[in-house]
Amino acid sequence: MKVAKFGGSSVANAEQFRKVANIVTADPERKFVVVSAPGKRFKEDTKMTDLLILLAKKVIEEDVYEGVLAQVVARYDEIVTDLGLPRDILDVISSNLQQIIDTYADQPERLMDALKASGEDNNAKLMAHYLRHLGHEAHYVNPKDAGIFVTDEPGNAQILPQSYEQIAKLKERSGILVIPGFFGYSLSGHVVTFPRGGSDITGSIIAAGVHATLYENFTDVDSIYCVNPSIVENPCQLRELTYREMRELSYAGFSVFHDEALQPVYKLGIPVCVKNTNNPDAPGTFIVATRDHRHQPVAGIASDTGFCSINISKYLMNREIGFGRRLLQILEDEGISYEHTPSGIDNMSVILREEQLAGDVERRVLERIEKELQVDEVSIERDLALIMVVGEGMERSVGIAAKATAAFARANINIEMINQGSSEVSMMFGVKADAVERAVRALYEVYF
Ligand code: ASP
């Protein structure tokens, strides 16, 4: 049995719904279907989830929200009309939205999560409806009914381990089961969403729960590329990647697959196949436990901007027991998560996402570091980009780092930071954000 997850662009309009129905019904093993909310129909379009976030904000701010609500319903109306479905499903959708607004009007966090989740929820109802309309046995399954129970962290849910036992029971049901992505239920019965892009997580959870033979992740590209195609024209396509490689690449800006989505399938060794809804015959990219990397030690290059580095120096820092802990405690107190901590004898840097220092946070953090740690110097270096060179084969290959540093030198790019973990599955370079595209192209040249 396979789990097929369809991302936002795959379910953005009626034409895409038809493609999805063809794909699902072409293979009787595709029993579990997970859908996103309608995504963009064209480049400047707004995703349903963003529209719903806007709607929630209007309700919270007691602003006029009816116009946005009408826009939300209109998007489903367009799909219903184009597919020639009976219009009563639209009443179900409208009353569901109104009910959420009425129930949670004075609970902003709950309202936000419930409205965000409704994007996938109503789309799943619509997809099941359409499959039945075509004469197939299909059922919408609400995540509570499926057994997807999560931690009660609005917008940041994590699956609770006891869910899997109940999810396994879905195998006993008949027909195609259509499950909305992106959310689960807390034990107290509230809708709680995963982080953005989290429908991938739902698909993975279902695949793990039912012990699927394959988790197919349908999107709008033929395969995963070894580098961002908006930086390098026509880059090579990857046939196979390991879980660890995919995890590293998606962490550093490969938006094709959510970086938290691998964990459930990884544990059970269920392969993932990233495929194109618009070209389902293309083989796609398989994400598997091991691959033969003899001929291609490097699997991909990823990059992301928006980082900064807090640089701290203090004479004899290396002798001061507990310095690192106290520094990180300050960040923890502010709810800041950090990415890396490269260090020298008398200096230490903390690399983090720049947005976390917005408002007054930066001043507070710097003041505390100065006062409580009695440092000689503390400063912030902004506009950094991180580049990851990823590949399981690097562990056994000599000269991979040399190639990168030589490429940077030839392109006249200064390396701000280098980091390699003990797993040797990735190598990270920090460069100035304005040099990142040149740097990625230089690396592509040497590795591919
Ligand atoms: N619709 C949600 C988002 O846009 C989740 C998803 O599509 O995976 O983030």
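All of these numbers come straight from a predicted model, not from anything done at the bench.
Annotation: side chain of Val298 is in contact with side chain of Met394 (closest heavy-atom distance under 4.5 Å). Side-chain atoms of Tyr104 and Ile101, non-hydrogen and from C-beta on, never get closer than 4.5 Å to each other. Two residues are said to be in side-chain contact when any heavy atoms from C-beta on lie closer than 4.5 Å; Asp383 and Cys308 fail this criterion.
By the 30° and 60° cut-offs, the orientation of the rings of Phe6 relative to Phe218 is parallel.
With respect to the salt-bridge test (charged N to carboxylate O, under 4.0 angstrom), the residues Arg291 and Glu392 do not qualify. Looking at Asp281 and Lys275, no side-chain N of the basic residue comes within less than 4.0 Å of a carboxylate O on the acidic one, giving no salt bridge. The pair Glu367-Arg363 meets the salt-bridge criterion, since a charged nitrogen lies less than 4.0 angstrom from a carboxylate oxygen. A salt bridge does not link Arg326 to Glu332: none of the charged side-chain nitrogens sits closer than 4.0 Å to a carboxylate oxygen. We find that Arg132 and Glu137 are not joined by a salt bridge, their nearest charged nitrogen and carboxylate oxygen being 4.0 Å or further apart. In summary, Asp50 and Lys47 do not engage in a salt bridge, as defined by a charged side-chain N under 4.0 Å from a carboxylate O. Contact check on Asp145 versus Lys169 returns no salt bridge, with no Lys/Arg side-chain nitrogen under 4.0 Å from an Asp/Glu carboxylate oxygen. Using a 4.0 Å cut-off between a side-chain N of Lys or Arg and a carboxylate O of Asp or Glu, Asp45 and Lys40 do not qualify as a salt bridge. Under the 4.0 Å criterion applied to side-chain N and carboxylate O atoms, Asp434 and Lys432 are not assigned as salt-bridge partners. Using a cut-off of 4.0 Å between Lys/Arg side-chain N and Asp/Glu carboxylate O, Lys5 and Glu216 are scored as not salt-bridged. Ion pair Asp77/Arg87 flagged as a salt bridge, since at least one NZ, NE, NH1 or NH2 atom sits closer than 4.0 Å to an Asp/Glu carboxylate oxygen.
Using modelled atom types, one side-chain atom of Tyr447 and one backbone atom of Ile400 make a donor-acceptor pair closer than 3.5 Å. No donor-acceptor pair closer than 3.5 Å links the side chain of Thr277 to the backbone N or O of Asp220. At least one donor-acceptor pair under 3.5 Å links the side chain of Ser163 to the backbone N or O of Phe149. Judged by distance alone, the side chain of Asp292 and the main-chain N or O of Arg294 form a donor-acceptor pair under 3.5 Å. Under a 3.5 Å cut-off, the side chain of His136 and the backbone N or O of Ala138 do not form any donor-acceptor pair. A donor-acceptor contact shorter than 3.5 Å links the side chain of Ser204 to the backbone of Ala261. Looking at Arg244, its side chain never comes within 3.5 Å of a backbone N or O of Gly391 through a donor-acceptor pair.
For Arg368, the side chain to side chain donor-acceptor pair (under 3.5 Å) partners two or more places apart in sequence, or in a different chain, are Asp333, Glu372. Under the salt bridge (Lys or Arg N to Asp or Glu O under 4.0 Å) criterion, Glu120 pairs with no residue at all, not counting sequence neighbours.
Nearest approach of Glu339 to Leu352, heavy atoms of both residues: CG-CA, 4.1 Å.
Aromatic pair Phe194/Phe182: centroids not less than 6.0 angstrom apart.
Each of Asp200, Val274, Ile287, Ile205 was compared with Tyr215 under the side chain to side chain contact (heavy atoms under 4.5 Å, CB included) criterion, and only Asp200 meets it.
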side-chain contact (heavy atoms from CB on, under 4.5 Å) assessment of Leu384 paired with Met417: CA-CA 10 Å; Leu384 289 180; Met417 185 196 51; over 6 Å; no

